[in-house]
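All remarks here apply to the structure that follows.
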Number of protein chains: 2
Amino acid sequence: MENKRELFQVLTRRFGLLNKNCCSVGTVDISLVQSHILYEIDKQITPSMQQIAETIAMDITTFSRQIQTLIKMDLVKKTPSAADKRVYLLSLTVQGKFVATTIDVSMNEYLEEVFSHMNEFEKETVIRSIKLLNQAMSKSSVCCTPLI
Amino acid sequence: MENKRELFQVLTRRFGLLNKNCCSVGTVDISLVQSHILYEIDKQITPSMQQIAETIAMDITTFSRQIQTLIKMDLVKKTPSAADKRVYLLSLTVQGKFVATTIDVSMNEYLEEVFSHMNEFEKETVIRSIKLLNQAMSKSSVCCTPLI
DNA sequence: ATATATTACTTGCAAAATACAATTAATGAG
DNA sequence: CTCATTAATTGTATTTTGCAAGTAATATAT
């Protein structure tokens with residue numbers, strides 16, 4: 001049988017490496033987590049702080065400070081919710097949108113390049129496999145209880 | 001067409017989450033990077049500091065300090081190389097080996113559980129796909145130059 | 001062989017990231 | 001109206017990080 005962990009370890013390390021080095025856009029330099037935050041704000045529709053923090057599994061206090069930094073960098077905007085005054089809705093500024101988009105384009109370009117080493121059939125198989133994996137993982141129950 | 005980045009982002013986030021929460025073995029609590037370090041020391045044969053640091057793409061100074069911590073925790077051993085006195089060879093202590101093995105077993109159990117949601121054919125397809133991906137990524141050249 | 005460069009690793013900082021506890025303010029439930 | 005809950009922030013302390021500068025050993029060049 002295969003050592004599945006080995007395969008995943010290598011895969012995620014490579015992908016992590018990619019992410020890591022790809023976060024400077026022009027004069028703007030952001031960290032990996034910050035790029036994840038931008039990505040999620042861009043993806044969700046007027047999310048609250050809690051929502052994003054939960055999605056990327058980040059402690060809310062750390063997240064709060066990261067958002068403060070991103071606001072100072074003029075990449076993120078925080079708007080008080082009309083419906084619930086405790087809540088702040090997050091959105092990207094024009095510059096934030098630009099940064100997020102640039103990173104996204106470049107990531108997809110990189111992935112295209114990776115996939116260019118495969119034939120059409122392999123490409124489709126791989127894509128379908130990742131979808132399968134994502135589904136299987138979301139179904140899984142045994143996640144992350146402390147060992148022993 | 002697919003949004004490949006989206007697929008990868010979800011996949012690696014899930015896998016990262018898994019890794020994150022699965023690093024306490026008995027009374028020993030280690031961080032994600034520390035578990036990666038143990039994993040690589042276990043895998044390679046008497047590696048040097050440089051070798052491991054490079055494999056997991058970690059700054060050597062940060063790595064040096066992490067090793068100091070792991071030695072204090074009695075998980076890692078540092079032996080001066082006879083061939084080159086600048087070099088230290090890394091190995092796991094008995095306890096370190098136990099921790100690494102326990103984490104590995106549990107990770108593979110989790111992955112088995114994930115794969116249990118697929119049929120035999122899907123399993124094989126997915127495994128083959130990840131191998132393909134890893135190969136393609138290692139072939140790729142366009143990694144990680146700063147954008148714009 | 002001897003000076004010089006390179007390599008492996010360590011320490012001195014200073015900045016950034018993290019998370020627990022406690023706080024403020026707003027909302028919901030009884 | 002009161003009390004519990006929720007969203008978000010701040011206080012504080014720890015950990016992680018990485019550049020710059022250092023030490024010691026090896027390799028290279030003259």
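Chain letters run A, B, ... following the sequence lines, proteins first and then strands; every chain starts at 1. Side-chain atoms are counted along with the backbone in the values below, which use heavy atoms only and exclude waters and symmetry mates.
Annotation: proximity of residues 39-48 of chain A to DNA chain C (heavy atom, distance under 4.0 Å) is found for no residue.
Of the inter-residue distances, the one linking R13(B) atom CZ with F8(B) atom CZ reads 14.5 Å to the nearest 0.5 angstrom.
With no hydrogens or angles considered, no side-chain donor-acceptor pair links S31(B) and Q66(B) at under 3.5 Å. Of the N and O atoms on the side chains of Y39(A) and E6(B), at least one donor lies less than 3.5 Å from an acceptor on the other residue.
Atom CE of M49(B) and atom P of dT7(C) are 17 Å apart (whole Å). In this structure, I56(B) places its CD1 atom 13 Å from P of dT16(D), rounding to the nearest Å.
At the phosphate of dT15(D), neither OP1 nor OP2 sits under 4.0 Å from any side-chain N or O atom of Q66(B). For Q68(A) and dA8(D), the shortest distance from a side-chain N or O to OP1 or OP2 is not below 4.0 Å. Phosphate proximity of dA16(C) to Q34(A): absent, as no side-chain N or O sits under 4.0 Å from OP1 or OP2. Taking only side-chain nitrogens and oxygens, K78(B) never comes nearer than 4.0 Å to OP1 or OP2 of dA8(C).
Out of dT18(C), dT9(D), dC19(D), the shortest distance to the side chain of V33(A) is found at dT18(C). Ranking dT18(C), dT17(D), dC9(C) by closeness to the V87(B) side chain, first place goes to dC9(C).
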(message) For a quick check, with a 4.0 angstrom heavy-atom cut-off, what is the B/S/- contact string for nucleotides 22-30 of chain C, read 5' to 3'?
(response) ----BS---
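Nucleic acid contact for F63(B): none, since no nucleic acid atom lies under 4.0 Å from a heavy atom of the residue.
Between R128(A) and E122(B), none of the side-chain N atoms (NZ, or NE/NH1/NH2) sits under 4.0 Å from a carboxylate O, so this pair counts as no salt bridge.
Smallest separation of non-hydrogen atoms from S48(B) and V87(B): CB-CG1, 3.7 Å.
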